[in-house]
Amino acid sequence: MSCLFCQIAAHERPATIVHEDEQLVVIEDIRPQAPMHVLVIPKRHIATVNDLAAGDQELVGEMVRRAAAVAAARGYADRGYRTIFNCNREAGQTVFHLHLHVLGGRHLGWPPG
Ligand code: 5GP
Ligand code: ZN
């Protein structure tokens with residue numbers, strides 16, 4: 001198994017795991033771009049947002065709600081935070097296993113770079 005996030009989800013590669021359940025794992029990003037930078041990752045391999053199917057509705061909902069829960073637990077619910085799915089080359093996706101970035105703790109510029 002060569003996929004980085006499949007390996008992390010299977011505990012075959014080290015990561016700082018901040019939440020885990022049947023469907024998801026949430027880890028600290030190894031190169032944080034803000035005081036809070038976690039990744040919400042489905043345990044099942046899905047390469048990009050383009051590969052989501054109708055049956056994945058609940059999974060995506062769980063990912064977004066988990067992002068909100070982690071942000072709230074860290075005190076960012078009212079201040080604000082950002083959730084991002086990068087998809088493919090021009091968005092800068094580098095790991096081709098679906099993940100939702102959750103960033104907070106500083107002013108995040110708009111439009112993004
Ligand atoms: P992407 O560019 O695909 O949207 O985001 C991939 C993210 O995964 C990047 O923010 C990068 O820092 C993070 N990342 C890459 N390799 C590792 C790793 O081995 N461990 C952790 N925790 N994060 C990683
Ligand atoms: Zn994978």
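As the structure is a prediction and not an experimental result, all values here were calculated from the model. Start at 1 and go down the list; that is how both ligands and their atoms are numbered. Atom set for the values below is all heavy atoms of this structure, side chains included, hydrogens, waters and symmetry mates excluded.
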Note: ligand 1 atoms sitting under 4.0 Å from heavy atoms of H101 are 1 (P), 4 (O), 5 (O), 7 (C), 10 (O)
Within a strict 4.5 Å, meaning less than it, do heavy atoms of the I41 and H97 side chains meet? yes
Under 4.0 Å from one or more heavy atoms of E28, ligand 1 contributes atoms 22 (N)
Atoms of ligand 1 under 4.0 Å from any heavy atom of R31, numbered from 1 in the order shown, are 12 (O)
Ligand 1 atoms nearer than 4.0 angstrom to some heavy atom of L39 are 8 (O)
query: Between Q7 and P14, is there a donor-acceptor pair closer than 3.5 Å when you use the side chain of the first and the backbone of the second?
result: no
### Query
Okay, side chain of E58, backbone of D56: is any donor-acceptor separation there less than 3.5 Å?
no
In terms of the angle between their ring planes, are H37 and H101 parallel, tilted or perpendicular, with boundaries placed at 30° and 60°? tilted
So the atoms of ligand 1 within less than 4.0 Å of a heavy atom of I27 turn out to be 21 (C), 22 (N)
*Chi angles and distances behind the salt bridge (charged side-chain N to carboxylate O under 4.0 Å, His left out) call for E28, R74*: CA-CA 13 Å; E28 298 287 352; R74 296 185 181 200; 2.8 Å; yes
Backbone or side chain, does any N or O of D29 fall under 3.5 Å from an N or O of ligand 1?
yes
The protein heavy atom nearest to atom 5 (O) of ligand 1 is H99 NE2, 3.0 Å
among protein heavy atoms, the one nearest atom 3 (O) of ligand 1 is T94 N, 2.7 Å
Exercise. Any side-chain heavy atom of V25 within less than 4.5 Å of one from H19?
Worked result: no
Per residue H45, nearest N, O or S atom to the Zn ion (ligand 2) is named ND1
Counting heavy atoms under 4.0 Å, the part of F85 that contacts ligand 1 is neither
Looking only at non-hydrogen atoms, the one of P14, G92, C87 nearest atom 2 (O) of ligand 1 is G92
closest protein heavy atom to atom 24 (C) of ligand 1 is I30 CG2, 3.5 Å
Any heavy atom of L4 under 4.0 Å from ligand 1? The part involved is side chain
- May I ask you to decide if M36's main-chain N or O and R106's side chain share a donor-acceptor pair within less than 3.5 Å? no
The residue among Q23, E22, E20 that forms side-chain hydrogen bond (donor to acceptor under 3.5 Å, both in side chains) with K43 is E20
Atoms of ligand 1 under 4.0 Å from any heavy atom of F5, numbered from 1 in the order shown, are 8 (O)
| query | Side-chain contact, heavy-atom cut-off 4.5 Å: Y81 with V102? | reply | yes
Ligand 1 to N86, heavy atom cutoff 4.0 Å, flagged ligand atoms 4 (O)
Which atom of H97 is nearest the Zn ion (ligand 2), counting N, O or S only? It is ND1
Value for CG (L39) from CE (M63), rounded to nearest 0.5 Å, stands at 9.5 Å
